[in-house]
Structure formats: C-alpha cells, structure tokens
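Sequence positions, counted from 1, serve as the residue numbers for this chain. For the numbers below, each heavy atom of this structure counts, side chains included, while hydrogens, waters and symmetry mates do not.
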Amino acid sequence: MVQVVIWLIAFAAILALALKRWPSLSASLDCLLPRAMKTNGDNAVVWSLALAVLGATTIVRPVDVLLTAIVLGVLALVAVKLGGWAMDKVDLH
C-alpha cells in the first residue's frame with residue numbers, strides 16, 4: 001500500500017511539473033528524439049503522462065526499470081548484429 005501511495009505522489013508531482021514546464025521540456029525532448037518522435041510542442045498531455053509514469057515507476061521500482069532497460073538493450077544489440085549478418089549474406093547484385 002505504501003508503494004502505491006508513493007507512486008501516486010511521484011506521478012502527480014512529475015505530471016504537474018512536466019505540464020507546467022512544457023515549453024522547455026519539449027525543446028529538450030526534441031533535441032534527444034529522432035525526427036519521427038519529435039514533439040514540436042504538441043501533445044503535451046500525452047508526453048507528460050508518459051514521462052510521469054516512467055518517472056514514478058523509476059522512483060518506486062528502480063531495479064525493475066534498470067533490468068528492463070538492460071534486456072531491451074541486449075535485444076536491440078542482438079537485432080542489429082543479426083541484421084548486419086543477414087545483410088552481409090544477401091547478394092544485392
């Protein structure tokens with residue numbers, strides 16, 4: 001029960017801060033994200049909700065988030081390596 005309360009408090013705080021400071025946050029996100037994901041100042045609620053969920057979960061369960069990031073990183077590395085290997089095997093001539 002305590003984790004739920006802490007998560008809700010962190011979620012509300014992060015959401016409020018993200019919505020309040022959206023113009024500067026949007027500019028920061030646009031510098032980090034690829035072109036297809038750029039916010040361009042739109043969708044403040046969607047991005048703020050996503051950041052609030054990720055932030056609150058990271059505060060309450062940091063090990064789970066870290067392990068998920070490691071697994072996703074390993075899967076991406078394997079996919080890139082397999083893609084490179086497959087492209088080497090394909091005869092494009």
Side-chain angles (χ1 to χ4, degrees):
M1 183 68 180
V2 173
Q3 282 184 345
V4 173
V5 172
I6 293 171
W7 191 92
L8 288 172
I9 292 170
F11 175 80
I14 294 169
L15 182 64
L17 289 173
L19 288 173
K20 182 178 180 182
R21 306 222 183 254
W22 178 248
S24 63
L25 183 62
S26 174
S28 299
L29 281 175
D30 284 346
C31 292
L32 297 172
L33 295 173
R35 184 187 318 162
M37 294 179 66
K38 290 197 183 296
T39 64
N40 297 323
D42 297 334
N43 299 325
V45 174
V46 174
W47 278 100
S48 297
L49 284 172
L51 291 172
V53 168
L54 285 173
T57 305
T58 303
I59 289 170
V60 174
R61 305 289 298 240
V63 174
D64 293 348
V65 173
L66 178 63
L67 290 176
T68 302
I70 290 171
V71 167
L72 289 175
V74 168
L75 289 174
L77 180 65
V78 168
V80 167
K81 294 294 183 182
L82 282 175
W85 175 78
M87 290 303 291
D88 286 342
K89 295 292 181 183
V90 172
D91 186 19
L92 296 174
H93 292 41

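- At distances below 3.5 Å, at least one donor-acceptor pair connects side-chain atoms of S24 with backbone N or O atoms of R21.
- L19 and V46 are assigned to two separate hydrophobic clusters, defined by single-linkage of ILVMFWY side chains at heavy-atom distances under 4.5 Å.
- A donor-acceptor pair shorter than 3.5 Å cannot be found between the side chains of W22 and S48.
- I14 and L51 get closest at one heavy-atom pair: CG2-O, 4.0 Å.
- For the atom pair CZ (R61) and OG1 (T68), the distance works out to 10.0 Å, reported to the nearest 0.5 Å.
- Each of V71 and L67 belongs to its own hydrophobic cluster when Ile, Leu, Val, Met, Phe, Trp and Tyr are linked at side-chain heavy-atom distances under 4.5 angstrom.
- Of the listed residues (L49, T57, I6), just one forms a side chain to side chain contact (heavy atoms under 4.5 Å, CB included) with F11, and that residue is L49.
- Minimum heavy-atom separation, W47 to L33: CH2-CD1, 3.5 Å.
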Checking V78 against L82 for the side-chain contact (heavy atoms from CB on, under 4.5 Å) test, could you report, in this order, the C-alpha distance in whole Å, the side-chain angles of both residues, the deciding distance, and whether it holds? CA-CA 6 Å; V78 168; L82 282 175; 3.9 Å; yes

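- Linking ILVMFWY residues whenever their side-chain heavy atoms come closer than 4.5 Å, directly or via other members, places V53 and V4 in the same cluster.
- Taken together through direct or relayed side-chain contacts under 4.5 Å among Ile, Leu, Val, Met, Phe, Trp and Tyr, I59 and L66 form parts of separate hydrophobic clusters.
- Connection of L54 to L15 is not established within any shared hydrophobic cluster, with ILVMFWY side chains joined at heavy-atom distances below 4.5 Å, either directly or through further cluster members.
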